[in-house]
Structure formats: structure tokens, C-alpha cells
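In listed order, ligands and their atoms are each counted from 1. Numbers here simply count residues along the sequence, with the first being 1.
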Amino acid sequence: MRVQALQIASLLLIATTSHSQVGSKIAVEVDAVYPQSEALYLDVHQHPELSLHEQQTAAKLALGLRELGYDVSTGIGGTGVVGVLRNGSGPVVMLRTELDALPVEEKTGLPYASTVRTTDDSGTEVPVSHACGHDIHMAAWMATARIMATARNRWRGTLMMVGQPAEELISGARAMLNDGLFTRFPRPDYALAVHDDARYPAGIIGYHSGPIFTNGDIVNITIYGKGGHGARPETTIDPIVIAARTVLALQTIVSREISPFDPAVVTVGSIHGGARPNIIPDQVKLELAVRSFTEAVREHLLSAIDRIAKGEAAAAGAPREPLVEHLAAAHALVNDPELTRRVSSALLRDLGSAQVHDLPPEMASEDFAEYQLAGVPTLQLRIGAVQQDKYDAALKSGSALPSLHSPFFAPDRAPTIKAAIAAEVLALRELMAVPPVSLR
Ligand SMILES: [Zn+2]
Ligand SMILES: [Zn+2]
């Protein structure tokens with residue numbers, strides 16, 4: 001999942017009871033598979049791989065599924081893994097985990113912290129860590145695969161376990177679909193996923209009906225001027241001054257053009273131009289992150305960015321129009337209302353309202369939306385990951401907790417993984433319930 005870089009963790013008041021133990025019959029099953037799940041967590045945590053390079057990670061998941069009796073295919077959409085388990089007639093349900101890690105240096109100080117460094121696609125040496133917690137998702141996903149393969153009398157249908165590459169690039173889901181995920185394999189009736197959440201105590205399970213993540217767009221703007229000597233501005237057209245005006249004018253889109261009832265973000269996250277104090281450069285580059293929940297707001301933001309960039313350049317007499325490039329887009333992630341109602345009811349029934357909460361949407365993006373765009377009802381649940389005493393201290397002091405993608409993000413692994421397993425197994429059993437025996 002991708003979040004705004006300087007997101008401050010928004011603390012909601014969650015009942016501060018401990019969720020270190022999943023509180024129902026499912027807990028026994030979860031505890032039984034946890035040691036293997038934790039071993040996988042520590043392994044992938046210490047051997048993270050960047051997006052599109054998840055070979056070793058994918059191999060570990062494929063091997064695990066094969067040992068459990070799944071029909072496993074690898075290399076789907078790059079390094080993607082698909083494991084299918086057929087168990088009689090019933091719905092096809094897909095459960096996704098991501099495989100990729102991030103170029104972030106882990107600074108948690110944990111004894112099992114990642115020290116991996118690698119060379120990225122541009123040839124730069126970078127640190128690598130699971131700062132988004134995809135290692136948590138993989139550990140839970142494999143444990144869920146184990147419980148489902150073991151207790152086959154508890155469900156009917158076809159379970160489709162999907163290990164997806166390159167979520168952080170918002171490209172892996174599309175790559176798997178383009179490689180026949182829904183044509184070479186059974187087409188799911190439902191698709192499920194979980195994501196850890198750095199804003200809530202470990203063990204909390206969150207659901208929300210409707211949009212939960214935003215449309216995420218990246219826009220690059222290159223502003224052209226006319227370079228020259230810094231002491232002879234009258235002979236130049238200064239793109240740094242145009243860029244400065246453009247950055248400020250862009251801030252008026254959300255504040256003046258969008259309704260206060262429509263959440264939206266326009267962030268200029270990078271600005272590059274010039275090399276020396278006494279040289280006026282001939283161009284400046286801006287990189288923007290743009291977020292919205294609806295298509296109407298998204299279209300307004302993108303067209304306003306284009307209009308303002310061109311208008312400011314024209315006002316300054318720029319020699320040519322700025323180049324406005326729309327580079328990447330993630331679609332808003334919408335939890336299917338009926339699917340959400342069914343699964344949240346099952347979770348509340350088994351685990352109770354102290355652990356299961358309706359949590360608000362956030363300004364982040366996620367390519368799980370691709371499966372929903374392909375016509376499959378989707379649900380992504382949130383799993384709180386913060387150690388309870390750290391959460392309580394942050395609540396008391398008002399200080400921010402490390403967000404996902406932070407070098408300091410350190411999920412409280414046991415309660416987080418256990419809650420994720422419980423949520424996944426209960427959701428799958430609800431959707432693939434064994435029909436009641438006829439009394440005739
Ligand atoms: Zn992420
Ligand atoms: Zn993520």
C-alpha cells in the first residue's frame with residue numbers, strides 16, 4: 001500500500017483491552033499453525049526483495065503451498081504464484097497476499113531487522129525492508145492455506161491463493177490479470193485481502209463498506225524557461241519563479257475548486273531545477289502525488305493541474321508550454337457492500353465488537369482495486385499492528401506513530417499475524433460455508 005510520505009498517524013480511540021489473543025474457538029486453530037507462520041515471517045522479513053524481483057519469496061510460498069497439496073503455478077505476471085485447492089462444488093474465493101518489499105532502511109533496532117542491500121533497476125545501491133508489512137500478510141496467508149487444507153470438512157468450493165508481485169509499483173495485479181489470472185485459473189466469485197495498519201493496536205480487525213482507498217495519480221510537470229546569467233534576469237525567463245508560482249497556485253485546487261465534502265490531495269513531492277546560484281536554468285521539474293475518492297473529483301484535479309501549469313507558464317511568457325505527464329494511476333479501492341456485510345457479520349459473531357471495528361477510509365492507494373475493476377467483488381480488511389503499550393503512550397502524549405513505509409514501522413508480530421489468520425479463515429468459511437444437511 002502506498003501512503004502519503006508524511007502521513008501523521010491518526011489515532012482513533014480504540015478500546016484498550018489487549019488483543020494479543022484471538023478470543024474464540026478459532027484461536028485454538030490459529031495457535032496450532034502460528035509457529036510455522038512465525039518462522040516464515042522471520043525468514044521473509046530478513047530476506048526482503050524489491051518489486052519485480054520477488055523470486056526467492058515466490059519460491060518459498062510456492063513450495064509451502066505444494067507441500068499442503070495445492071495445485072501451484074508460478075511465474076504468473078512476473079513472479080506471481082497461484083495455488084488452487086478444489087474441495088467440492090461451491091464458490092471460487094481468491095485470497096491475495098503481496099510479495100514485494102521497499103527500498104527503505106529498517107531502523108527498528110529489532111534483533112531480526114533486515115540488513116539487506118541490493119542494486120535497484122537504475123543501478124543504485126539501496127536498502128530493502130518490509131516496511132509495508134507484506135511479510136505479515138505472507139505469514140498469515142500461508143497459515144490460512146494450511147488451516148483450509150487441513151480442515152476441509154469446514155468448507156466447500158475452490159480456494160485460490162494468489163501471491164502477487166509489485167504491489168508497491170501499482171503494477172503487479174494488472175500484470176497477473178494480463179497473464180490470464182482469471183482465464184487460465186477459475187474466475188473468483190469473491191476476492192479477499194488483508195493489510196496491516198500502523199494506526200491501530202495489534203489484533204484489531206477493521207472493515208468498511210464502500211471506498212476505503214483513494215484514486216492515486218502521479219503527475220510530472222516540466223516547466224520551460226530561457227536560461228542565462230543570474231545577474232541579467234531581464235535576458236531570461238526564469239522557470240524557478242514560474243515553478244514557485246505554480247506550486248502555490250496548485251494549492252488552490254483543493255482549497256478553492258473542490259467541495260469541502262470531497263476529500264482530495266495535491267502534493268508537490270519533488271521540485272528540481274538549477275545547479276548554481278548565478279545561473280538561471282532553462283527548466284524545472286515538479287513531481288505530484290494526487291489523491292481522490294471519486295472519478296469526478298479525480299478528473300477535476302487532473303484537468304486543473306494541467307490548466308494551472310499552462311496558465312502560469314503563459315503568464316510568464318515562457319517560450320513553450322510545460323510538459324504535463326500523467327505517469328501512474330491506481331483506482332480507488334471499494335469494498336463491495338454485500339460482501340463486506342456478510343464477512344463483517346461473521347467476524348463480529350465469532351470475535352466480538354472489542355476486536356472487530358468499522359474503520360474509516362484513508363488517503364492511500366492499492367492495486368487490489370484491479371481485481372474489482374475486472375468485475376470481481378472485493379473486500380480488503382485492515383489488521384491493527386501497533387504494540388498496545390506504544391499505542392496507549394501515543395494516545396496519551398498525542399505523538400505520531402510510525403506510518404507504513406517508515407524505517408521505524410515495527411508490527412507487533414504475534415497478535416497481528418494471529419488476527420490476520422483468524423480474519424482470513426473466518427471470512428473464507430463464511431463465503432464457502434458447507435450447506436446444512438437436509439432433514440428429509
Ligand atoms: Zn506499501
Ligand atoms: Zn502494502
Side-chain angles (χ1 to χ4, degrees), residues 1-7 9 41 44-45 48-54 57-58 61 79-80 95-106 108 114 120 126-141 162-176 191-200 202 205-206 212-218 265 267 269 289 291 328-333 335 359 361-371 378-386 401-411 413 416-417 419-420 423-424:
M1 190 193 73
R2 313 199 318 170
V3 289
Q4 294 298 110
L6 287 178
Q7 180 190 6
Y41 173 74
V44 293
H45 187 90
E49 295 176 299
L50 290 177
S51 305
L52 305 175
H53 299 276
E54 309 93 337
T57 307
L61 299 196
T79 59
L95 178 64
R96 183 201 76 167
T97 181
E98 316 89 324
L99 307 175
D100 53 338
L102 287 161
V104 170
E105 183 175 358
E106 181 167 354
T108 59
S114 169
D120 72 9
V126 292
V128 192
S129 71
H130 271 295
C132 204
H134 296 175
D135 46 358
I136 293 274
H137 309 164
M138 286 185 265
W141 180 90
V162 172
Q164 181 208 301
E167 187 281 324
E168 297 291 356
L169 302 182
I170 310 283
S171 68
R174 173 68 9 223
M176 289 193 85
L192 303 174
V194 299
H195 204 296
D196 56 2
D197 197 313
R199 302 170 301 167
Y200 302 107
I205 297 169
I212 60 161
F213 289 151
T214 58
N215 297 308
D217 294 274
I218 294 173
V265 172
T267 290
R291 301 291 162 97
H331 289 272
L333 179 58
N335 281 339
L359 298 180
E362 66 176 308
M363 302 303 284
S365 301
E366 157 67 92
D367 74 353
F368 193 58
E370 292 288 339
Y371 305 113
T378 57
L379 169 63
Q380 185 174 84
L381 298 167
R382 312 291 295 174
I383 309 292
V386 183
L401 289 161
S403 65
L404 296 177
H405 293 201
S406 157
F408 299 99
F409 172 60
R413 68 180 188 274
T416 307
I417 293 171
E424 290 176 350

By ring-ring contact (aromatic ring centres under 6.0 Å, His included), Tyr41 pairs with (sequence neighbours left out) His45
Test ring-ring contact (aromatic ring centres under 6.0 Å, His included) applied to His137 - qualifying residues, sequence neighbours left out
His134, His195
Write the atom name of the N, O or S atom in His195 that is nearest the Zn ion (ligand 2).
NE2
Salt-bridge test for Glu362 and Arg199: reply yes if a basic N is under 4.0 Å from a carboxylate O, no otherwise.
yes
Closest to the Zn ion (ligand 1), which N/O/S atom of Glu168 is it?
OE2
2.8 Å cut-off met by an N, O or S atom of His134 to the Zn ion (ligand 1)
no
Lys/Arg N to Asp/Glu carboxylate O, Arg382 vs Glu366, below 4.0 Å:
no
N/O/S atom of His137 under 2.8 Å from the Zn ion (ligand 2), yes or no?
no
